[in-house]
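Both ligands and their constituent atoms are indexed starting at 1 by order of listing. Only a predicted model underlies this, so the values are computations on that prediction, with no experimental measurement involved.
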Amino acid sequence: MVSYKELGLVNSREIFKKAIKGKYAIPAFNFNNMEQMQAIIQACVEENSPVILQVSSGARKYANQTILRYLAQGAVGYAKELGKNIPIVLHLDHGDTFELCKSCIDFGFSSVMIDGSHHSYNENVILTRKVVEYAHRYDISVEGELGVLAGIEDDVVAEHHTYTQPEEVEDFVSKTGVDSLAISIGTSHGANKFKPEQCIRSAEGVLIPPPLRFDILEAIEERIPDFPIVLHGASSVPQEQVAVINNNGGKLKDAIGIPEEQLRCAAKSAVCKINIDSDGRLAMTAAIRSTLNMHPEWFDPRQYLGPARELLKALYKHKVVHVLGSAGKA
Ligand code: G3H
Ligand code: 13P
Ligand code: ZN
């Protein structure tokens with residue numbers, strides 16, 4: 001058993017409390033390699049923001065959980081070396097079984113998500129309760145989920161949203177003992193969140209997707225005031241990056257994300273954790289494609305991973321300063 005406390009990590013309880021009070025959200029950035037970790041830490045140290053480093057089960061398979069643990073421990077040391085001891089959480093994203101959550105807890109994670117949203121309500125309660133009972137023994141925070149997001153999470157593909165039902169949240173939170181709750185109000189995973197025909201076109205030709213269901217968020221907040229709420233699928237899919245990718249040999253079609261103003265609005269509510277993965281993938285891909293296109297003679301990975309890390313860092317800084325409002329809150 002490795003204790004996250006010995007690794008210098010924190011659980012999410014205190015930082016969520018502060019975020020709700022301060023009306024901002026903590027960034028939860030997915031990572032599975034060194035350059036992503038460095039970009040996240042450089043950005044959050046320079047902007048003095050707390051941060052959640054999150055690992056999906058696919059990322060864990062790809063990178064190996066021992067390596068990821070040492071990368072997270074390295075992140076703590078790296079932040080200190082850069083001059084700030086910011087709070088860093090190592091979180092399992094979309095854990096789907098008790099065994100996976102237990103393994104991450106035993107391996108030094110400070111927070112886990114058990115995503116029982118694809119099960120029946122009662123099965124979701126039982127599974128989530130079981131994870132909470134184990135995690136709380138070690139002071140590890142647990143995120144549960146109610147409602148289904150459209151899109152792809154690892155092997156699970158959901159065609160349509162099932163919005164969170166506000167009538168269920170109080171019962172779910174009290175029966176399971178979760179520390180935070182992921183909800184479904186119209187966000188979805190991946191870079192294709194909306195079809196063009198679902199959007200309206202502005203005078204400038206920009207596609208504007210349908211707004212998030214803030215009415216559902218408000219109804220949830222009324223039932224569980226000040227309870228930490230999590231928004232998944234919150235990438236904005238910057239069209240500049242999509243254009244760079246497509247102008248350098250990529251083929252991304254109908255890539256549409258959540259407008260940043262809506263996320264800013266959500267961050268001022270009880271939404272205190274906002275998950276961003278796809279925007280990082282787009283930034284890395286845009287930088288690598290354009291660098292290699294400009295320099296076809298280059299073959300040292302540092303020559304294209306370096307610019308990718310720089311663009312990622314700029315993206316993360318933008319998110320914490322202009323979207324989530326977590327800059328200066330470490
Ligand atoms: O929730 C989905 C995250 O973007 C993780 O994606 O399972 O492909 O690593 P992944
Ligand atoms: P995006 O695909 O919108 O970045 O969502 C990431 C996410 O929710 C990770 O759990
Ligand atoms: Zn997610």
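Ion pairing of E99 with K102 is absent here, as no side-chain N (NZ or NE/NH1/NH2) approaches a carboxylate O to less than 4.0 Å. The residues E133 and R129 are annotated as salt-bridged, a charged nitrogen and a carboxylate oxygen being separated by less than 4.0 angstrom. Using a cut-off of 4.0 Å between Lys/Arg side-chain N and Asp/Glu carboxylate O, K317 and E47 are scored as salt-bridged.
When each atom of ligand 1 is checked for a heavy atom of H94 under 4.0 Å away, the hits are 1 (O). Residue contact check: D277 has heavy atoms under 4.0 Å from atoms 3 (C), 4 (O), 5 (C), 6 (O) of ligand 1.
Using a 4.0 Å heavy-atom criterion, the residues that approach ligand 2 are N30, Q54, D93, H94, S188, H189, G190, K193, H232, G233, A234, S235, N275, I276, D277, S278.
The shortest heavy-atom contact between I256 and C199 is CD1-SG, 4.0 Å. Closest non-hydrogen pair, V76 versus L7, comes out as CG2-O, 3.6 Å. Pairing each heavy atom of M37 with each of L71, the nearest pair is CE-O, 3.6 Å.
By the criterion of a heavy-atom distance under 4.0 Å, the side chain of R281, and not its backbone, is placed next to ligand 1. Proximity of D93 to ligand 1, defined as any heavy-atom pair under 4.0 Å, is confined to the side chain (atoms from C-beta onward).
Other residues, nucleotides and ligands place no more than 12 heavy atoms under 6.0 Å from the OH atom of Y70.
Residue pairs meeting the ring pair (Phe, Tyr, Trp, His ring centres under 6.0 Å) criterion with at least one member in residues 27-56, sequence neighbours excluded: F29-Y316.
Nearest N/O/S atom of H232 relative to the Zn ion (ligand 3): this is ND1. Taking the Zn ion (ligand 3) as reference, H189 places its N/O/S atom NE2 nearest.
Within the structure, the closest approach of G58 to ligand 1 does not fall below 4.0 Å when heavy atoms are considered.
Ring geometry for H295 versus W298: interplanar angle under 30°, hence parallel rather than tilted (30 to 60°).
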